[in-house]
Amino acid sequence: MMTDNENLTILGIESSCDETAAAVVRGGREVLSNIISSQIDVHTVYGGVVPEIASRLHCENINGVIRLALRDAGMDFGNIDAIAVTKGPGLVGALLVGVSEAKSLAFALNKPLVGVNHIEGHIAANYITHKDLKPPYVCLVVSGGHTHLAVVKDYRSFELVGRTMDDAAGETFDKVARAVGLGYPGGPKVDKAARDGDPEAIAFPRGEVKDRPYDFTFSGLKSAVLNHINLANMKGETVNVADLTASFQSAVVDSLVGRTVRCASELGIDTVAIAGGVSSNTALRREMAAACEKKHIRCVYPEPVYCTDNAAMIASAGYFAYLGGVRDDESLNAYPNLKLG
Ligand code: KG4
Ligand code: ZN
C-alpha cells in the first residue's frame with residue numbers, strides 16, 4: 001500500500017556521539033515519539049566523551065530505545081514506511097552501531113533505508129518546531145563539532161558560506177567550562193552561570209578572519225579566557241565565574257549573531273534559523289532574535305529538545321531525502337568526516 005507524503009512515517013535513528021536516540025516522525029514535521037538515552041553521566045566522569053564507551057553503550061541501548069520509540073508512537077514496525085539513520089559526521093564506532101542497526105532492520109523488514117547527514121538533521125529540527133518554515137533561509141549551525149553558516153537554498157541544497165577556522169562554538173563553551181571547573185558538558189553550565197554575571201565585566205576579543213567576513217575564529221577568545229584565569233591564579237585572586245562566563249558568552253554570541261545577520265542582509269534573505277546544541281543557549285536565542293528584528297528578518301530556532309542531538313531531526317531530514325529519491329542499501333557505511341552539501 002502506498003502512503004501519501006503527508007502521512008509518510010519515518011523511524012529515525014541517531015548514534016553519532018553520546019546520545020542513543022530513536023524517533024517516529026510523520027510527514028517530516030509531526031513528531032509521534034522522540035526517545036533519547038543520554039550517556040552524559042557516564043562520560044562526565046572522564047570530562048568528555050570516551051569514544052569506545054560511547055559505542056558500547058549505543059550497542060547496549062539501541063534496541064530498547066527503538067522499541068520505546070515505536071511504543072510511544074503507538075506503532076509497530078509494520079507502520080513504518082522508511083528507516084533513516086545518521087551516517088556521519090561523528091565518531092566512527094558510534095555511527096557504526098546506528099548504521100548497522102538500521103541496515104539490519106531495513107533488510108529484515110524489507111523497508112527503504114535512508115542515510116542522513118547529521119548536520120542536515122540539525123537544520124531540519126527547525127521544520128519540526130516551525131511547521132510553515134520553507135527554504136530559502138540562512139542557517140547558523142552551532143554544535144560541539146561544527147560552526148557553519150549555510151544558505152539553505154532548498155530542503156536538500158545547502159551552500160556553505162562560512163565556517164570556523166579553529167574550534168567549534170560548542171567546543172569553546174566546553175573548554176571554558178572545564179577551565180573554570182564547571183564540568184562537562186560545558187554549554188548548559190556556562191549558560192546558567194552567565195545569567196548572574198555582567199557581560200561587560202571583561203573585554204574579551206571578538207575574533208575576525210581577514211578577508212573572510214562570514215568565517216569564525218574562537219582560538220583567540222579561548223586563549224584570552226585561559227590567560228585571564230591563569231593571571232588571577234598567579235595573583236592569588238579568585239575568578240568571578242559569573243562575570244567571566246557572561247563576558248565569554250557575550251563574545252561568542254556577538255561573533256555568531258553579527259555574521260549571521262550580515263549574511264542574511266547582504267544576500268537579501270528574509271529568514272534566519274539557528275540549529276545544533278549551542279542554539280539552545282539563551283543569550284544566543286535572545287540576541288539573534290533582537291538583531292533580526294532590527295533588520296526585519298524572521299528568526300527561528302528549534303525547541304531546546306530538538307537543538308541537541310535527537311533522532312526526530314534525523315527522521316525529518318530523512319523524510320526530505322526520501323522524497324528526493326535517496327535510497328541506501330547494504331553498502332551504506334559510517335562517514336566520520338561527512339561534509340554538509
Ligand atoms: O548538537 P550537539 O548535541 O552535539 C553535536 O553534534 O556536537 O551539541 C553539543 C554541544 C556541546 O558542546 C554543548 O556544550 C553545547 O552543544 N550546548 C550548549 C548549550 N547546550 C548545549 N552551548 C551553549 N549553551 C547551551 N545552553
Ligand atoms: Zn549534533
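Read the numbers this way: they start at 1 and go in the same order the structure lists the ligands and their atoms.
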Partners of Tyr335 by ring-ring contact (aromatic ring centres under 6.0 Å, His included), sequence neighbours excluded? none
Answer with yes or no after comparing the ring centroid distance for Phe320 and Tyr127 against a 6.0 Å cut-off, counting only values under it. yes
Do me a favour and list the nearest non-hydrogen protein atom to atom 26 (N) of ligand 1 with residue, atom name and distance? Asp191 OD2, 2.9 Å
With a 4.0 Å cut-off on N to O distance, would you call Asp191 and Arg195 a salt bridge? yes
Thr147 meets the side chain to side chain donor-acceptor pair (under 3.5 Å) criterion, sequence neighbours left out, with none
May I ask whether His122 has any heavy atom positioned less than 4.0 angstrom from an atom of ligand 1? yes
With a cut-off of 4.0 Å, which atoms of ligand 1 are near a heavy atom of Gly170? 12 (O)
Assigning hydrophobic clusters by single linkage (Ile, Leu, Val, Met, Phe, Trp, Tyr; side-chain heavy-atom cutoff under 4.5 Å), is Phe77 placed with Leu113? yes
Please list the nearest protein heavy atom to atom 3 (O) of ligand 1 with its residue and the distance rounded to 0.1 Å. Asp309 N, 3.1 Å
Give the residue, atom name and distance (to 0.1 Å) of the protein heavy atom nearest atom 11 (C) of ligand 1. Asp174 OD2, 3.6 Å
Considering heavy atoms of the protein only, find what lies nearest to atom 15 (C) of ligand 1 and give residue, atom and distance to 0.1 Å. Val278 CG2, 4.0 Å
Could you tell me whether a side-chain N or O of Thr86 sits under 3.5 Å from a main-chain N or O of Val116, the two making a donor and an acceptor? no
Between Ser219 and Asp166: side-chain donor-acceptor atoms closer than 3.5 Å: yes
Does His118 reach ligand 1, in the sense of a heavy atom lying below 4.0 Å from it? yes
Check each atom of ligand 1 against the heavy atoms of Gly144 and keep those under 4.0 Å away; list them by number with element. 5 (C), 7 (O), 8 (O), 9 (C), 10 (C), 12 (O)
Run the side chain to side chain donor-acceptor pair (under 3.5 Å) test against Asp132 and tell me which residues pass, sequence neighbours left out. Arg298
Out of all atoms in ligand 1, which are within 4.0 Å of some heavy atom of Ser280? Include the element for each. 19 (C), 20 (N), 25 (C), 26 (N)
What residue and heavy atom of the protein are closest to atom 22 (N) of ligand 1, and at what distance? Gly187 CA, 3.2 Å
Does the pair Lys175/Glu171 count as a salt bridge with the N-to-O cut at 4.0 Å? yes
A quick test of your reading: do over 12 heavy atoms of other residues, nucleotides or ligands sit less than 6.0 Å from CZ of Arg156? yes
As a test of understanding, state which of Glu14, His146, Lys87 forms a side-chain hydrogen bond (donor to acceptor under 3.5 Å, both in side chains) with His118. Glu14
So which protein N/O/S atoms does the Zn ion (ligand 2) have within less than 2.8 Å? His118 NE2, His122 NE2, Asp309 OD1
Which heavy atom of the protein is the closest neighbour of atom 24 (N) of ligand 1, given with residue, atom name and distance? Asn281 ND2, 3.0 Å
Can you name the atoms of ligand 1, numbered from 1 with element, that are less than 4.0 Å from a heavy atom of Thr308? 3 (O)
Crowded around Glu6 CD? As in, over 12 foreign heavy atoms under 6.0 Å? no
Within less than 4.0 angstrom of ligand 1, does Cys17 place any heavy atom? no
Those atoms of ligand 1 less than 4.0 Å from some heavy atom in Gly145: 7 (O)
Is the terminal nitrogen or CZ of Arg163 (NZ for Lys, CZ for Arg) located under 6.0 angstrom from the six-membered ring centre of Phe216 and within 45° of that ring's axis? no
Numbering the atoms of ligand 1 from 1, which are under 4.0 Å from a heavy atom of Gly277? 1 (O), 2 (P), 8 (O), 16 (O), 17 (N), 18 (C), 19 (C), 20 (N), 21 (C)
